[in-house]
2 protein chains.
Amino acid sequence: MGTTQLDTVPEPKYWHLKTVLAEALDSEFAVGEILPNERELAARFGVARATLRQALEQLELEGRLQRRRGVGTTVAPPRVGVSVGSVQQGRPGATDGDWEVADSAPAVPPAAVARLLGTEAGEPVHIVRRSRVTGGQPVAAELLYVPPASVPALPAADAPAGPPGARAVLAELGNLGLDGEDQAVELGSARADEAKQLDRLPGAPVLVVTTRYFTRGRTAAVAVATYRADTCRLTFGDSGTVELAHETRDAGASRV
Amino acid sequence: MGTTQLDTVPEPKYWHLKTVLAEALDSEFAVGEILPNERELAARFGVARATLRQALEQLELEGRLQRRRGVGTTVAPPRVGVSVGSVQQGRPGATDGDWEVADSAPAVPPAAVARLLGTEAGEPVHIVRRSRVTGGQPVAAELLYVPPASVPALPAADAPAGPPGARAVLAELGNLGLDGEDQAVELGSARADEAKQLDRLPGAPVLVVTTRYFTRGRTAAVAVATYRADTCRLTFGDSGTVELAHETRDAGASRV
DNA sequence: TAGTGGTCTAGACCACCAA
DNA sequence: TGGTGGTCTAGACCACTAG
């Protein structure tokens, strides 16, 4: 065969579509602007709606679009940087930035958490629920697991419940003097309860941040926080790597 | 109508399916085991293949499954923890763990990177490509941007190319003495070139880690690393939050 | 070459929101 | 109530891998 099959990998339609749409977003749309609806867009590009949706899903995953049922698809603002490390912030100290205490109750933690805490399986701990709000938008839901041993001043089984109880646990934890932490980040999908708090649908992509708080070398508490992956950029370190987005990974590097 | 419509939110099929499959994975399958094919599974559960795929996609996103075209769907091992912060590791110093230098070349960085570096737009910098391998599997692809000003010992326009050149840049950067860093993590999707390095399809979910290296208060270099989101758990801090996975977020908390 | 997952279509109906 | 995105179906064909 004389036809030297050149390396023409047929690019999937949705991939090409995504590229075209991304360029259009950069040049022809303003943040918050509402796009034509999916049926309209699909027709305009001559593809099935499912294919169009595949492209939109990717763009939403990358934080470029926001879709809401019954409303429409809008151009998303750049991701907000939320500080999750080093800086004195997740700690107690009243009114620390943008955490909102929800409530507290004793319960048996998942086995993996108990392992991290070094508590007996089946042993109940204080579970404090908090949500984090930035710019009026909910960005994270957190469960903070505090073994009774870490807050001896509080009655183990009969701690005050609700927001006051939660604040009491946090205050006690602060008195303890935390001297270190340890974090891990991984991708997950929102459970039903988390989704509701984050104003997303179940299954939405989230960044799960697991933090271990230390005091005198021992694990004093464990926090599992789930951040909206579409709207958040997690920052570690003091200065906070302000401003920068998907653009850092754009083309234009044009290697020589 | 006497039927008081109780708050029965009809759970989507794919969601329920995902739950069922997740339980089956925990109880009936071993890591690496291969699942029945999609058509078979769809038939077995009495759903369309697309619906079944929606469930599989979520499980893959959560790192529970691994799917490979032409091969099949297998049960994924737990995510590997990869250290990305604090510890002296991304830095030069020969043979530092699991980074593999690919090459180096001068090129004009994306505008957002130039802004971080504080270089003129259009000014070329050294771009070092590295990949990170853990347990024989590629986990990350990195582009390290180093302005000529940070490595004055190297010829700006005519630096050695290829792996030797890359190592030269890294060595010079090490001599400089970095005294701080600054990181951000966000969700992205793999570009075509990254996908190839990571042995995934384009569009695969990745965790993008942007690191700013400081020396004497100035930004000496910027690294943009993309980690496979399906197989990696990024760890920050010294001890590394060993061992723990999706389990930390499982049910069983059973609030009181 | 047979079997896998990946892409794509053209429909349908449903849940949600705003007017 | 009309319009939006979300779910679901039952097909088809393609790209890739392995034997």
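Sequence lines set the chain letters: A, B, ... in the order given, protein chains first and strands last, and positions in each chain run from 1.
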Among dC8(C), dG6(D), dT7(D), the one nearest Pro12(B) by side-chain distance: dT7(D)

Would you name the heavy atoms of Ile127(A) and Ala107(A) that are closest together and state the gap between them? CD1-CB, 3.6 Å

Position toward the 5' end of DNA chain D (nearest nucleotide), Thr51(B) or Gly72(A): Gly72(A)

For DNA chain C, which residues of residues 33-49 of chain B approach it to below 4.0 angstrom with any heavy atom? Asn37(B), Glu38(B), Arg39(B), Arg49(B)

Nearest whole Å is fine: how far is dA10(C) C1' from Leu52(A) CG? 14 Å

Look at the side chain of Thr74(A) and the backbone N and O of Glu33(A), then say whether any donor-acceptor pair between them is shorter than 3.5 Å. no

Please determine, for the side chain of Thr73(A), which listed nucleotide (dG5(D), dG6(C), dC8(D)) has the closest atom? dG5(D)

Heavy atoms, side chains only, cut-off 4.5 Å: are Arg79(A) and Leu187(B) in contact? yes

Integer-rounded Å distance: dC14(C) C1' and Arg53(A) CZ: 13 Å

Between C1' on dC8(C) and CD on Gln54(A), what's the gap in Å once rounded to a whole number? 8 Å

How would you list, by chain and number, every residue that makes a side-chain hydrogen bond (donor to acceptor under 3.5 Å, both in side chains) with Glu60(B), sequence neighbours excluded? Arg67(B), Arg200(B)

Without decimals, in angstroms, what is the distance between Arg69(B) CZ and dA2(C) C1'? 16 Å

Output all residues satisfying side chain to side chain contact (heavy atoms under 4.5 Å, CB included) with Val20(A), sequence neighbours left out; order by chain, then residue number. His16(A), Phe45(A)

With sequence neighbours excluded, what pairs up with Arg167(B) under the side chain to side chain contact (heavy atoms under 4.5 Å, CB included) test? Val101(B), Pro163(B)

Contacts of Glu40(A) that satisfy side-chain hydrogen bond (donor to acceptor under 3.5 Å, both in side chains) - sequence neighbours left out: Arg44(A)

Can you tell me how far C1' of dG6(C) sits from CD of Glu11(A), to the nearest Å? 15 Å

Nucleotide nearest Arg67(B) when distance is taken to its side chain, options dG5(C), dT7(D), dC17(C): dG5(C)

At a heavy-atom distance below 4.0 Å, what parts of residues 197-207 of chain A sit against DNA chain C? none

Sequence neighbours excluded, the answer for side chain to side chain contact (heavy atoms under 4.5 Å, CB included) partners of Pro12(A) is Tyr14(A), Trp15(A)

Kindly state which residues belonging to residues 14-22 of chain B come within less than 4.0 angstrom of DNA chain D, counting heavy atoms of the residue only, listed by number. Tyr14(B)

Per-residue pairing states of DNA chain D in dot-bracket (Watson-Crick or G-U under 3.5 Å; . unpaired, | other strand) read ||||||||||||||||||.

Classify Arg68(A) by what it touches in the nucleic acid, base, sugar-phosphate, or nothing, heavy-atom distance under 4.0 Å. sugar-phosphate

Applying salt bridge (charged side-chain N to carboxylate O under 4.0 Å, His left out), which residue pairs with at least one partner in residues 12-25 of chain A are found, sequence neighbours left out? Lys18(A)-Glu62(A)

Within the 4.5 Å heavy-atom criterion, are Leu207(A) and Arg233(A) side-chain neighbours or not? no

Rounded off to whole Å, could you give me the CD-to-P distance for the Gln66(A) and dT4(D) pair? 18 Å

Ala223(A): partners by side chain to side chain contact (heavy atoms under 4.5 Å, CB included), with sequence neighbours left out: Glu142(A), Leu144(A), Thr211(A), Tyr213(A)

Tell me whether Arg132(A) contacts the main-chain N or O of Tyr227(A) through its side chain, where contact means a donor paired with an acceptor under 3.5 Å. no

Side chains of Thr134(A) and Thr231(A): does their closest heavy-atom pair fall under 4.5 Å? no

5'-most contact on DNA chain C (nearest-nucleotide basis), Lys13(A) vs Val71(A), goes to Lys13(A)

By side-chain hydrogen bond (donor to acceptor under 3.5 Å, both in side chains) - contacts of Arg53(A) (at least two apart): Glu38(A)

